[in-house]
Amino acid sequence: EVQLQASGGGLVQAGGSLRLSCAASGFTFNDHGIGWFRQAPGKGREGVSCINSSDRGTYYAGSAKGRFTISVDSSKNTVYLMMNGLKPEDTAVYYCAVTYDYLYEYNCYLPSEYNYWGQGTQVTVSS
């Protein structure tokens with residue numbers, strides 16, 4: 001069974017940090033694209049960042065650039081999103097997702113690109 005499990009969310013004060021994890025089972029990240037998305041109440045799913053496991057190439061949404069870092073640890077079959085300098089507007093449920101395709105800026109942030117999704121982890125940033 002293909003599963004993605006997102007974890008690491010929680011409550012943090014503005015300016016704080018969290019590291020989200022996305023652990024895969026039933027497949028490996030060896031030749032996949034992985035994305036992080038977030039969804040705040042009443043809003044659509046927003047692409048945050050993505051990474052190509054093949055060459056570790058990354059993309060970041062403007063809201064994440066300079067604050068967030070995406071990485072993949074193939075030995076642990078886990079993708080991470082390190083979030084620094086968190087702001088209240090970062091509050092959302094964060095989801096990881098996987099695609100078989102190579103990711104470029106044009107498809108990195110598109111939910112429809114991805115084949116598998118984790119259950120999400122709540123990030124709440126207080127002011």
Begin with the C-alpha distance, continue with both residues' side-chain angles, and end with the deciding distance and a verdict on side chain to side chain contact (heavy atoms under 4.5 Å, CB included) for S17 and M82. CA-CA 7 Å; S17 299; M82 184 69 212; 3.7 Å; yes
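In this structure, T99 and H32 have side chains that are not in contact, with every pair of non-hydrogen atoms separated by 4.5 Å or more. Using a 4.5 Å heavy-atom threshold, the side chains of L81 and V48 count as touching. The shortest side-chain heavy-atom distance between S74 and R56 falls under the 4.5 Å cut-off. Using a 4.5 Å heavy-atom threshold, the side chains of Q122 and T91 count as touching. Contact annotation: the side chain of L18 approaches that of V123 to within less than 4.5 Å [non-hydrogen atoms, C-beta and beyond]. Taking the side chain as every heavy atom from C-beta outward, L4 and W117 never approach each other to under 4.5 Å. No side-chain heavy atom of Y95 sits under 4.5 Å from any side-chain heavy atom of L20.
Between the side chain of Q5 and the backbone N or O of Q119 there is no donor-acceptor pair closer than 3.5 Å. Between the D55 side chain and the G57 main chain, a donor and an acceptor come within less than 3.5 Å of each other. Distance alone, capped at 3.5 Å, places no donor-acceptor pair between the D90 side chain and the V125 backbone. A donor-acceptor pair is defined here as one N or O able to donate and one able to accept, closer than 3.5 Å; such a pair exists between the side chain of S53 and the backbone of N30. The backbone N or O of L103 sits nowhere less than 3.5 Å from a side-chain atom of D101 that would complete a donor-acceptor pair. Under the 3.5 Å distance criterion, the side-chain polar atoms of T121 are matched with a main-chain donor or acceptor of G9. Looking at N77, its side chain does come within 3.5 Å of a backbone N or O of A24 through a donor-acceptor pair. For Y109 (side chain) and A61 (main-chain N/O), a donor-acceptor pair under 3.5 Å exists by modelled atom type.
Residue F27 is not grouped with residue Y114 when hydrophobic side chains (ILVMFWY) are merged at heavy-atom distances under 4.5 angstrom, including chains of intermediate members. By the rule that hydrophobic residues join a cluster once side-chain heavy atoms approach within less than 4.5 Å of another member, F68 and Y59 end up as members of separate clusters. No continuous path of ILVMFWY side-chain contacts below 4.5 Å connects V12 to Y80, so the two sit in separate hydrophobic clusters. Following chains of ILVMFWY side-chain contacts shorter than 4.5 Å, one can reach Y100 starting from F29, so the two form part of one hydrophobic cluster. F37 and I70 fall into different hydrophobic clusters, where Ile, Leu, Val, Met, Phe, Trp and Tyr side chains are chained together by heavy-atom contacts under 4.5 Å.
If you run side-chain contact (heavy atoms from CB on, under 4.5 Å) between V98 and each of I34, N115, V79, only I34 comes through. Test R45, E46, Q39 against P111 for side-chain contact (heavy atoms from CB on, under 4.5 Å) and you get one pass: R45.
From S49, atom OG reaches atom CZ of R67 across 12.0 Å, with rounding to the nearest 0.5 Å. Separation of atoms OG1 (T28) and NZ (K76) is listed at 15.5 Å; rounding is to 0.5 Å.
Annotation: cation-pi pair R38/Y94 absent, no NZ/CZ under 6.0 Å from the ring centroid and within 45° of its normal.
Closest approach of A14 to S127, counting heavy atoms only: CB-CA, 4.4 Å.
Sorted by first and then second residue, the disulfide bond (SG atoms under 2.5 Å apart) pairs involving residues 98-127 (not counting sequence neighbours) are C50-C108.
When ring centroids are compared, Y104 and Y102 come within the 6.0 Å threshold.
A donor-acceptor contact under 3.5 angstrom links the side chains of S75 and D73, judged on distance only.
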